[in-house]
Structures are given as C-alpha cells and as structure tokens.
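Order of the sequence lines sets the chain letters (A, B, ...), proteins ahead of strands, with each chain counted from 1.
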Protein chains: 4
Amino acid sequence: MTAKKAKKKPQAGSETRKRTRLSPEVRRKQILEAALVEFSRQGFAATSIAMIAERVGISKGNVYVHFSSKNEIFETLLESLSSVGKAQGNWSRLETAQDVPAFIDNLIDASYASLTPEALAVLRMTIAEGHRVPGILAKWQEANLSGRANRQAAIDEQVAAGRMKRGPLTDHFHFAMTPVVYAAVARLVFGEAAAEDVDRMKETHRKLLHQLLRS
Amino acid sequence: MTAKKAKKKPQAGSETRKRTRLSPEVRRKQILEAALVEFSRQGFAATSIAMIAERVGISKGNVYVHFSSKNEIFETLLESLSSVGKAQGNWSRLETAQDVPAFIDNLIDASYASLTPEALAVLRMTIAEGHRVPGILAKWQEANLSGRANRQAAIDEQVAAGRMKRGPLTDHFHFAMTPVVYAAVARLVFGEAAAEDVDRMKETHRKLLHQLLRS
Amino acid sequence: MTAKKAKKKPQAGSETRKRTRLSPEVRRKQILEAALVEFSRQGFAATSIAMIAERVGISKGNVYVHFSSKNEIFETLLESLSSVGKAQGNWSRLETAQDVPAFIDNLIDASYASLTPEALAVLRMTIAEGHRVPGILAKWQEANLSGRANRQAAIDEQVAAGRMKRGPLTDHFHFAMTPVVYAAVARLVFGEAAAEDVDRMKETHRKLLHQLLRS
Amino acid sequence: MTAKKAKKKPQAGSETRKRTRLSPEVRRKQILEAALVEFSRQGFAATSIAMIAERVGISKGNVYVHFSSKNEIFETLLESLSSVGKAQGNWSRLETAQDVPAFIDNLIDASYASLTPEALAVLRMTIAEGHRVPGILAKWQEANLSGRANRQAAIDEQVAAGRMKRGPLTDHFHFAMTPVVYAAVARLVFGEAAAEDVDRMKETHRKLLHQLLRS
DNA sequence: AATGAATGAGTCTTCATTCAT
DNA sequence: AATGAATGAAGACTCATTCAT
C-alpha cells in the first residue's frame, strides 16, 4: 500500500444510498467513466473494483452484473476510446481552409487544445497498460496510419496547388505534429509544472510551421 | 493474475539452488536490475516481490535483507537512474565540433541511439508510476532544465560565431529534440511495429535540422 | 510455530462447508467470542486470524469483512468487556440486605463465583496485553474507582447504622476483596491445580470478614 | 504491527560494534537478561530474536551460538528465575525476630518492596506465557508450597509461644499475604497510575495484621 | 438490476533458523 | 565465538469474484 486510505464502512453521514435501478446502458457508461479515472490515476493493477464501484456509487457486486471481469472493463474502455480521432475530425474542416497561415494556426491551436485531462489519461493508460490489449493497439495503429495518410493527401494537395512550400515536412507531414506528443508527455510526467514550458513550446512550434510551410 | 505465469513450482529441473552468498552491493544491484525489468514490464503494482526474487534467483526473504520494502526498491531504482543524462554526456563532445553538419548528424544519431530498451523502460516507469516519487521527479526536472540551459548556451555560441543560422529553433533549441520523445512513445506503445516509422522520422528529423540550422 | 497445530489441510473429513450467510451482528459476535478464547489462550501476537476464523468456521477473508484489522478485533473485544461490572450488579442487592452475616456470605460466594473461565480469560488478557489499549484501561480504572466508591458508601452506611464494626477494613473496604484477585491469579497460573487452594482461601476469607465486620 | 519501528540498518553513527569475544557464560547471562526485558514487555510471540540480540549488542546469529532456539531461551530464563524466593530469604531473618510488631512491619515492608520492576516482569511473564512451560510451573508450585509450609511453621511457633493471637489468619497464614498479589496485579495493569492506591493498601494491610496478630 | 456477505488465491512483510565465512 | 546473508514458513491483509437474498 503506498498511501493511507480512509476506511470505508457504511459510515454515518453518507446516507445509505438507496437502490437505484438504472438501465444497463447507463450503468455501463457510468462504470466505464469511473474506470477511466481510476485506471489512469493508479494503473490497472492498483485499481480495485471497489474503487470503481465507489466512484459510481454502487456496490461491488453490481459491477459484475454489467461486466464479467475487471479485464473486460479495461478492454471495453480502451475499445470505446478508439474514438480518439477527434483531432482528425477537425481536419475535415481545416482541409477546406484556403488560407495556409490560418490553417496552421488552427492546427496548432486545435492540437494543443486536444491535450485535455481525459486525453492525457488515455495516453497514460495506453503507455502504461497498452500491452494488456495488443489487439486494440493494432487496431489503433491502423486507424492512425490511415488517418495520417488522409492528412498527408490533404497536404499534398496544398503543395500541388502551390499554396505550401515543398520540403521534408510536407513530404512527411506526420512528423510536423510530433512535438505535441512531447507536450503530452511533459504534462503526464511533470503535471502543472510543465504548463509554462508547454506554452512556450507551442509558440515555437507555431512559428516553425509558419516558416517552413509558407510558400 | 492478469498475465500468464509459467514455471513456478519450487522444482522442475532447477536443482535446489545452493546458497550463494554475495556482498550486499552486488545483490542490491542485481535486485535493482531485475526490478527495472519487471516494473517497466508490468508496472509497480502488478510486479510482485516474488517475480523480482525469481529473476535474481534468490528467495523472497532475501530481497528484504537488502531493501526494506517494495517501495524502497522502486525509489532507489528511480534515484539510481538519475544518470539518464547520457545524452548530455555526448554534448560536451558535440560542442567542440567545429563542423555544424557533423554536429547535427552526431546529435541525431546519438539521440535516437539513446532509445535503448533500458531507457524506454525508464520512460515507461516514469510516465506510469512517476507520481509515486514526486521528490525524484522534481529533481529530474531541475536537472533537465539546467542541462537544457547548457545546451542552449552551446547553440547560442554557434549562432554568435555565425556557424548556425538564427531562427525560432536556435532561440529555443530544446524544441528541436522533441521528436525524439515521440519516437520513444511510439516504441513504447507499438513496440517493434514502430521501428520502421521511427527510422523514417529520424531521417526527416535530420533533414529538417540541416535545413534549419545550416547558415 | 511455538505451539502445536492440528487439523489444517483444507479438507480431511470436513465437507466443503456451504456458504452460510449471517447478519453482521451475529458474525461479529461469533468472531469476538472466538477471539476471546484464542487471545486469552495464546496472547495477541501468537493468535492468528486463521485460528479465529477456523474457530468460527469461516474463511480468513470473511473476518476482514467484519473487522478491519486484528487490532480492531482486540480493541472491540476489550471494549465490549467493559461490562465486567457484574460483581457490582450484585451489590445493589447486597446493599439492601439487613443482615450483615448474610451480606458477607453473599459477598464471598458471589465474588469467588465470578471467577468464571471467561472472567479469568479477560484478566489474563488485561495483564498480558492491556498495554495495547491504554485508552480502555484508563476507562476501566475510572469505572473501577467509581464502583469502589459506591461500595464504600454502602459500607459506611452500615457502619453508621451500627450494623458493622468500624475498623481499618470498613475504612478501606476495597482492600477486603483483594484476596479474590490472588485467587484469580492462582487459577491463571496453576489452573485446576489451584482449585483446592482457592477453596481453602475462600473459607479463610469468609471467616475473617465475619470476624472483622461483625459488630 | 502495533507500533512503528525505527528502521535499523547498520546506521551511520552507531559505530559498527567490533567483534567482542566473550565467554559463553557471560554472553548467556546477557542474553537472558535482555530476553527477560523483552519477553515481559511484549510477550513471547511478539519478541523477536533480533530485539534480544540488539539489546545485547550482538548479531542474531550469535544468539544461536548460545541457545538453540527461542524456546530454549524462554525456558532457561524461567528456570533461572526459580530463585524468586527472595521474599522467603527474608523470612529466615524475620523468624528470629522476637518482637511481633517489628516482625509485622518488616514483613509488610519487605513484601511490598519486593514488587520491583523485575519481579513484576516475571509475574507478567508467568501469567501471560506460563502455559508454555508447564514443567517449570509445577516445580514452582511445589517450591511455593514448601516455602509456605515453612513460614506457617514459623507462625505456629509464635502462636504456640503466645506471642501471636490465634485466629483464621494464623491458621492459614499464607492468606495474610494475598493482598501483595493484588498490589502486583494493579501495577501490572495500571502502571504508575496504581502507585498511590498501592501505598494506601499497604498501610491498611499493615494495620490489619497488627490488629489481627497482636496477642 | 442490486446488494453485500463469503471465499480463496494471492501479496507484502516478518522472523526463527541455518550456514558460509 | 561471531557475523550477516540466505532461506522457508508463516502471518496480516487485499481483492477479484461468487452467490444467496
């Protein structure tokens, strides 16, 4: 045990939550949300079903009504997170932008804005516990590659249209966004202490893209 | 048990290991090495003292002769890893290089070569379990910042000497190396499957630095 | 293991005990009863949760459903034993007795009768392990003192009414009952072998009180 | 674990005690002394060989050079304590006193003075752990009885000589000293908090003996 | 669907004891 | 005689999972 835990015990004060009957879908979602918080906070092994149940406000036993094992919760969670392609969503809009500088600004802002606590939690879980779900990782990688290809195609178009200057970066545009991962890792490791650094990084990033892509 | 276990059963071909008596320093080192492997493989909570002991080839009890708790092993391990500044070591040599293109090639090669399995293990542990040792993280961050400052000074010198072209990158040189972290994360998450991608990234990285720094 | 153990081996004639579900109150009581026996027999440290669980006929784990630690069992046990004031209960009745000789006989008989195996167990635990629960000891001592004061008051009344002869004993009546503690200790140390001795003691005690208190 | 323990570890500051070679007799005595302190403080099971070794200032291993097991230490200790007959020792002198009041005063003072911390430690151990050494207990009881017989004979002589008043107490003189055991138990359970009470008891005890024995 | 008592297989840690030095 | 590294057998406590209600 690393830290002390407050004893639970029904406790006077926390009115014994009466049985609330919810539809399976709702409960499952509640459980997955709680699991995301706990798994990314302490990791899979250090998270107990009791913690998840408590966060949802239900009994341990009830968790097993909705999932057959802790592992299943984890897998379902990661699978449901395949919708991480939010950043990609933005792309469809960005593609249409005629103005390259505006596109770059949008891209930078959107990318760094995507480093939400939830996204960081997912990244931490992926790095820390991804090995538990190799199948899902493979799927992600594929999705990643195809998304990347689409974005590359969009860039190629811009270059062909003479709106972007060709260079190593337009030839391998995915590389242009790697600093965002650095920013994410910095926040994962150093937390708030990294905020200032990340901001400075973002501006350097922005300037470089402008310098390198502007035709 | 989340992961598979294999040979356990006290015996099964392994002759009753004779008592081997080693000096505390040697045993401690052995234990720390085993711990690094196990912790980075499964994480702190999912690693049992039994696994570490088995990897070293000693009894569980003996682990406690050398460390007073699992936690102490972890902390000692991370502390002993403060020597991660290998990359920085290279720098002193790089500084002296008069030839900027050679400097860049050295930098790129050294940086990506530093992504050894051991270094990756440390990174994974830091991301996954760093919160267990806030004190050590703070120390690392400081060391990081001062190392970064030194490197920046070296770059500034080159710029002042007219050997490097000034730009957003020379003003904030740390940023130039962030793709290496992406490469590390890619390997952590996708393993060997990321190798090809990382190689391509490395070459793009190299080209960009040449383009941006060459005066 | 200092003492002998006996039947353990999960099975050996004891059919796989069916899950018996009981209310927490009942189980807690069962556990406390078993704990009293075991703690007073071997002491706190030498008693294992397994012994207690086995005596109750439940699994070790179940003990922790009802108590959060071995220590809590011990404390709860001693606290619940604060009702040791049985002897005092008798007093209310004795006070009303008009007849001093009868009062003395009742007192002696009740006092020695209170040396039940359970009471002896409590005494042993108190002597051997009382230091673990200083708070409870303090409470006991207070209760003791107030009980003692009440009894002294009753005696004072008898003396004032001329029904008892004044003397060092009536001035400090608590002292009159100290031989009972000797009897208790004798039984604790020598067990049944002390029975005869205790009986003789009891009669001497009775005679002396008659001699000293009869006006 | 009830209380926290300071980590040992060779520790800088406590100069690594150099090997001191002592004769077996001396070491055995040292170990037994340390064992008495520790056993009576925490009980047999809660006392570790390490604690005893540390108190003596030797290594755990060395303890086993002098005793073959923890149990043997305990048994040897209790056996060596058979010399508890210090109080009896006094008797030989008291017998010779011609003056009954002086005899009584001596008896009271000597008896209560015998409640040294060491004697209390022995009593606690006997009550708490006596069952571990039934053989020794039996021996003690015998010794006790014969000592008691001697003292009774001395009293009988005094009575026959008309120097003491006959009564239930002279007929069963052992009973006269039972309050001392109460005093001992009070100290064991309540520690210093019982001191005042014990003093008062002692004086009542003295007065009563004077009253009952004075012819 | 929900609860929570019950279980059993671990997990960390301690400790009496052994043994090479 | 002395040391201290090494071991193996517990022991307290945790937790995923089951099941009667």
Side-chain angles (χ1 to χ4, degrees), chain A residues 1 5 10 16-24 27 45 47-51 53 58-66 68-71, chain B residues 1-2 5 10 16-24 26-27 45-51 53 58-71, chain C residues 1-2 5 10 16-24 27 45-51 53 58-71, chain D residues 1 5 10 16-24 26-27 45 47-51 53 58-66 68-71:
Chain A
M1 213 42 30
K5 303 187 228 187
T16 336
R17 209 175 299 286
K18 284 289 130 223
R19 295 191 167 214
T20 325
R21 194 191 184 90
L22 292 182
S23 74
R27 274 287 190 248
T47 296
S48 69
I49 294 290
M51 289 169 183
I58 60 178
S59 69
K60 270 188 308 179
N62 197 8
V63 172
Y64 283 86
V65 171
H66 300 284
S68 67
S69 74
K70 189 176 160 184
N71 235 304
Chain B
M1 208 42 29
T2 294
K5 43 191 156 180
T16 333
R17 204 175 298 290
K18 287 285 128 228
R19 267 187 189 219
T20 328
R21 191 195 179 89
L22 292 180
S23 74
V26 175
R27 271 286 189 252
T47 296
S48 72
I49 294 290
M51 289 169 182
I58 60 179
S59 68
K60 269 187 305 178
N62 197 10
V63 173
Y64 284 89
V65 170
H66 300 285
F67 293 92
S68 66
S69 72
K70 190 176 161 184
N71 233 304
Chain C
M1 209 39 32
T2 293
K5 42 191 157 179
T16 335
R17 205 176 300 288
K18 287 284 131 228
R19 267 186 190 220
T20 328
R21 190 194 180 90
L22 293 180
S23 75
R27 271 285 190 252
T47 296
S48 70
I49 294 291
M51 289 169 184
I58 59 178
S59 69
K60 271 187 303 180
N62 197 9
V63 172
Y64 285 89
V65 170
H66 299 285
F67 293 92
S68 67
S69 72
K70 190 176 158 183
N71 232 304
Chain D
M1 213 42 33
K5 303 188 226 190
T16 339
R17 210 174 298 288
K18 286 287 131 221
R19 295 192 168 213
T20 324
R21 193 191 184 91
L22 292 181
S23 75
V26 176
R27 273 285 189 251
T47 295
S48 70
I49 295 289
M51 289 170 185
I58 60 178
S59 69
K60 267 187 311 176
N62 197 7
V63 172
Y64 283 86
V65 171
H66 300 284
S68 67
S69 75
K70 189 176 160 184
N71 235 306

When both distances are under 3.5 Å in a Watson-Crick or G-U wobble arrangement, the nucleotide paired with E:dT7 is F:dA16
Does E:dA1 pair with anything, Watson-Crick or G-U wobble, both distances under 3.5 Å, and if so, with which nucleotide?
-> none
By nearest nucleotide on DNA chain F, pick out whichever of D:V65 and A:S68 is the more 5' one.
->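 Between the two, 5'-proximity favours D:V65.
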Taking the nucleotide of DNA chain F with the closest heavy atom to each, which residue, C:T47 or B:V63, is nearer the 5' end?
->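 Looking at the nearest nucleotide for each, B:V63 comes out on the 5' side.
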Would you indicate whether the side-chain heavy atoms of B:V65 and B:R27 approach each other to under 4.5 Å?
->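 No. Closest side-chain heavy atoms not under 4.5 Å.
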Could you tell me whether A:S59 contacts a base, only the sugar-phosphate backbone, or nothing, with contacts defined as non-hydrogen atoms closer than 4.0 Å?
->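 Result for A:S59 = base.
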Hey, does A:S23 reach any base, or is it just sugar-phosphate, or nothing, if we go heavy atoms under 4.0 Å?
->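 Result for A:S23 = nothing.
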Does a nitrogen or oxygen in the side chain of [X] sit under 4.0 Å from OP1 or OP2 of [N]?
X: B:N62; N: F:dT7; value: yes
X: C:Y64; N: F:dT14; value: no
X: A:K60; N: E:dG4; value: no
X: B:R21; N: F:dT7; value: no
X: C:H66; N: E:dG4; value: no
X: C:R19; N: F:dT21; value: no

How long is the line joining [atom1] of [X] and [atom2] of [N], in whole Å?
X: C:F67; N: F:dG11; atom1: CZ; atom2: C1'; result: 19 Å
X: D:I58; N: F:dT3; atom1: CD1; atom2: P; result: 7 Å
X: B:I49; N: F:dA10; atom1: CD1; atom2: P; result: 21 Å
X: B:K70; N: E:dG10; atom1: NZ; atom2: P; result: 15 Å

What's the spacing between A:S59 OG and A:I49 CD1 if we round to 0.5 Å?
->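 Rounded to the nearest 0.5 Å, the OG-CD1 separation comes to 11.5 Å.
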How many angstroms lie between atom CZ of D:R21 and atom OG of D:S23, to the nearest 0.5 angstrom?
-> 10.5 Å
Over all heavy atoms of both residues, which pair between B:M51 and B:A46 is shortest? Give the atoms and the distance, please.
-> CE-O, 3.6 Å
Exercise: identify the closest heavy-atom pair between D:A50 and D:K60 =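 For D:A50 versus D:K60, the nearest heavy atoms are CA-CG, 3.8 Å.
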